[in-house]
Number of protein chains: 2
Amino acid sequence: MAKIKNKHNATKKEVIVEAATRLFRERGFKAASMRDLAEAVGVEAASLYNHIQSKEEILQEICFKVANAFNEQCDKVEASELSSIGKIESMLRFHIRMMFDHFDMVMVADRDWKHLSDPFLSNYHEQRRAYRKRLAGIIERGIDNGEVKDVDAPTIVLIMLHAVNGIESWHRSKEKIGARQLEENMVLILIDGLRS
Amino acid sequence: MAKIKNKHNATKKEVIVEAATRLFRERGFKAASMRDLAEAVGVEAASLYNHIQSKEEILQEICFKVANAFNEQCDKVEASELSSIGKIESMLRFHIRMMFDHFDMVMVADRDWKHLSDPFLSNYHEQRRAYRKRLAGIIERGIDNGEVKDVDAPTIVLIMLHAVNGIESWHRSKEKIGARQLEENMVLILIDGLRS
DNA sequence: CTTCGCCTAACAGCTGTTCGTTTGTATATT
DNA sequence: AATATACAAACGAACAGCTGTTAGGCGAAG
């Protein structure tokens, strides 16, 4: 009987979700099968169901873990004493670091959340909307006090959030510059273009 | 017998590809079934195969149509007499307009090209790589002649290409600014952050 | 009368998931 | 120390449903 290898005292469910996260990122949620996942974990497909309830439950776990991380960071930054530009830069850096440190998780949540089904789908959708509104709020306060160029705030949010996804391509390319350097470049371009 | 509706003298294959483009964008290539597509076209699934050879052929059509459009525009811009910044801005505007005018097509190509299979997969992959290298080349020439801030050129390409994808979110929320205005805002932020 | 395009029926293979059973291991009892 | 008990976790087989695709027939258009 093949047992799920359980390194660094993680729940077996956590091991499954971790493997699923990589698999979902590589092939997409819909294209990755439970039998693929089982093989990646070293077990038969049926055995997975001793630890999880459904394929979608895994996706839920991934999506809301990511959503919570961003919301919590937003709480901290909003409560901080930073300038408006400082707050924006801080959130930008957090997004970049999340892409570095939890690449698969963030990509799956961002690309495959639409495959959630309905209490969770609308919940996630709403959280997404609310999060972007919070970011836009920070920017608008920056515009009001003259720190930030007078540009449509929601547009800035869109640019920032999606620009960070470029790290995906960086993640694959071979001739990469360092992570730290990439972060500085991104901040330089995006934040400098914002200053008034 | 339900016939494929053939408005403005388009090939029936073109009608199918057009419907598929929208469907693939909404649900994702893998999740959209041939029976879904057939229903969208108003026909039975088997009948589609009188006009197309396979599901993947549709995806190929979409992906390479988009790739060609960008390559051709890049030809024009490279051959033009614009300044480096002018060339970059011109390409950026083209990307933005493509997102407005051929939203579904561009999104599908960008998100689902990985589901191509192998002569086409490597071909597309290589074209993508080459295209980004061309853009990076334009930017590097701008850095050399002092027009552009000295930042890693491939990073700028990543930011620009992905930032434009933000239009997806704009596309859904209808309570927003006009297309023209969005374009100007994007150009303002991205290009102004680039000038040295 | 031929050709085209649609239909129904069916295919083999894969999908997520459930079932009942067997195995392995940790603990309690002799 | 050996044995019995209990429970978690693995398994193979099977499910109903969906996947892309093919075959063959039938009606309409040229």
Side-chain angles (χ1 to χ4, degrees), chain A residues 1-7 9-21 23-24 26-63 108 112-118 120-121, chain B residues 1-7 9-21 23-24 26-63 108 112-118 120-121:
Chain A
M1 193 185 309
K3 291 199 79 175
I4 292 181
K5 52 181 175 180
N6 193 339
K7 53 188 172 185
N9 51 3
T11 313
K12 284 155 194 176
K13 181 172 179 176
E14 290 169 346
V15 174
I16 292 173
V17 171
E18 196 178 329
T21 305
L23 209 73
F24 290 171
E26 286 167 356
R27 311 191 192 179
F29 174 74
K30 204 74 187 186
S33 80
M34 293 303 278
R35 284 167 181 85
D36 292 335
L37 174 56
E39 195 185 4
V41 169
V43 106
E44 292 301 313
S47 308
L48 296 173
Y49 288 82
N50 285 311
H51 307 284
I52 59 158
Q53 288 188 332
S54 67
K55 189 189 185 187
E56 208 197 290
E57 191 207 11
I58 303 177
L59 185 60
Q60 292 161 16
E61 210 114 333
I62 297 170
C63 289
V108 169
D112 290 328
W113 66 272
K114 290 172 195 175
H115 294 105
L116 291 170
S117 60
D118 216 347
F120 303 96
L121 179 63
Chain B
M1 192 184 310
K3 291 199 79 175
I4 290 182
K5 54 180 174 179
N6 193 339
K7 55 187 173 184
N9 49 3
T11 312
K12 284 156 193 178
K13 181 172 178 176
E14 289 170 347
V15 174
I16 292 173
V17 172
E18 197 177 329
T21 304
L23 208 73
F24 290 171
E26 285 167 355
R27 311 193 191 178
F29 174 75
K30 203 74 188 185
S33 81
M34 292 304 278
R35 284 167 181 85
D36 292 335
L37 174 56
E39 195 186 3
V41 169
V43 105
E44 292 301 313
S47 308
L48 297 173
Y49 288 83
N50 287 309
H51 307 283
I52 59 158
Q53 289 188 331
S54 67
K55 189 188 185 187
E56 208 199 289
E57 191 207 12
I58 303 177
L59 185 59
Q60 291 161 17
E61 211 114 333
I62 297 169
C63 289
V108 169
D112 288 329
W113 65 273
K114 289 172 195 175
H115 293 105
L116 292 170
S117 61
D118 217 345
F120 304 95
L121 179 62

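Naming: A, B, ... by sequence-line order, numbering from 1 per chain.
The side-chain contact (heavy atoms from CB on, under 4.5 Å) test applied to Ala38(B) returns Val43(B), Ala45(B), Leu48(B), not counting sequence neighbours. Remark: Lys55(B) pairs with no residue by the side-chain hydrogen bond (donor to acceptor under 3.5 Å, both in side chains) rule, at least two apart or across chains. The side-chain hydrogen bond (donor to acceptor under 3.5 Å, both in side chains) test applied to Gln60(A) returns Glu56(A), not counting sequence neighbours.
Dashed line: the shortest gap from a side-chain N or O of Ser47(B) to OP1 or OP2 of dG5(C) is not under 4.0 Å. In this model, the phosphate group of dT21(D) is not approached by any side-chain N or O of Lys55(B) to a distance below 4.0 Å at OP1 or OP2. Contact between the side-chain N/O atoms of His51(B) and the OP1/OP2 oxygens of dC4(C) is not found at any separation under 4.0 Å.
Among the nucleotides dG20(D), dC7(C), dC11(D), the one closest to any side-chain atom of Val43(A) is dC11(D). The nucleotide whose nearest atom lies closest to any side-chain atom of Ser33(A) is, among dG16(C), dG5(C), dT17(C), dG16(C).
When rounded to the nearest whole Å, the span between CD of Glu39(B) and P of dC6(C) equals 16 Å. Per the geometry, CD belonging to Glu14(A) stands 13 Å off P belonging to dA9(D), to the nearest Å. Tyr49(A) has its OH atom 19 Å from the P atom of dA14(D), to the nearest Å. The separation between Gln53(A) atom CD and dT17(C) atom C1' is 13 Å, rounded to whole Å. Across the protein-nucleic acid pair, Leu48(B) atom CG and dA23(D) atom C1' stand 16 Å apart, rounded to whole Å. Per the geometry, CD belonging to Glu56(B) stands 18 Å off P belonging to dT19(D), to the nearest Å. Taking atom CD of residue Glu44(A) and atom P of nucleotide dT23(C), one finds them 15 Å apart after rounding to whole Å. Distance, Asp36(A) CG to dT15(C) P: 6 Å, rounded to whole Å.
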Side-chain atoms of residues 26-34 of chain A: list all donor-acceptor pairs with protein atoms under 3.5 Å, sequence neighbours left out, distances to 0.1 Å.
from     : atom 1 : to       : atom 2 : distance (Å)
Arg27(A) : NH1    : Asp36(A) : OD2    : 3.0
Ser33(A) : OG     : Arg35(A) : N      : 3.3
Ser33(A) : OG     : Asp36(A) : N      : 3.0
Ser33(A) : OG     : Asp36(A) : OD2    : 3.2

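Around CD of Glu57(A), the count of heavy atoms belonging to other residues, nucleotides or ligands within 6.0 Å exceeds 12.
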Taking only nitrogen or oxygen atoms into account, show me every contact under 3.5 Å that the protein makes with nucleotides 9-12 of chain C, one pair per line with its distance.
from    : atom 1 : to       : atom 2 : distance (Å)
dA10(C) : N6     : Arg35(B) : NH2    : 3.4

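Between the CG atom of Leu121(B) and the CG atom of Leu59(B) there is a distance of 10.0 Å, given to the nearest 0.5 Å. Note that OG of Ser47(A) and CD1 of Ile52(A) are 11.0 Å apart. Values are rounded to the nearest 0.5 Å.
For dA10(D), the base has a donor-acceptor partner in the side chain of Asn50(A) [N/O atoms by modelled type, under 3.5 angstrom].
Across all strands shown, Ala32(A) has heavy atoms under 4.0 Å from sugar-phosphate atoms exclusively, and none from any base.
Along DNA chain C, the nucleotide nearest Met34(A) and the nucleotide nearest Ala45(B) are compared for position; the residue whose nucleotide lies closer to the 5' end is Ala45(B).
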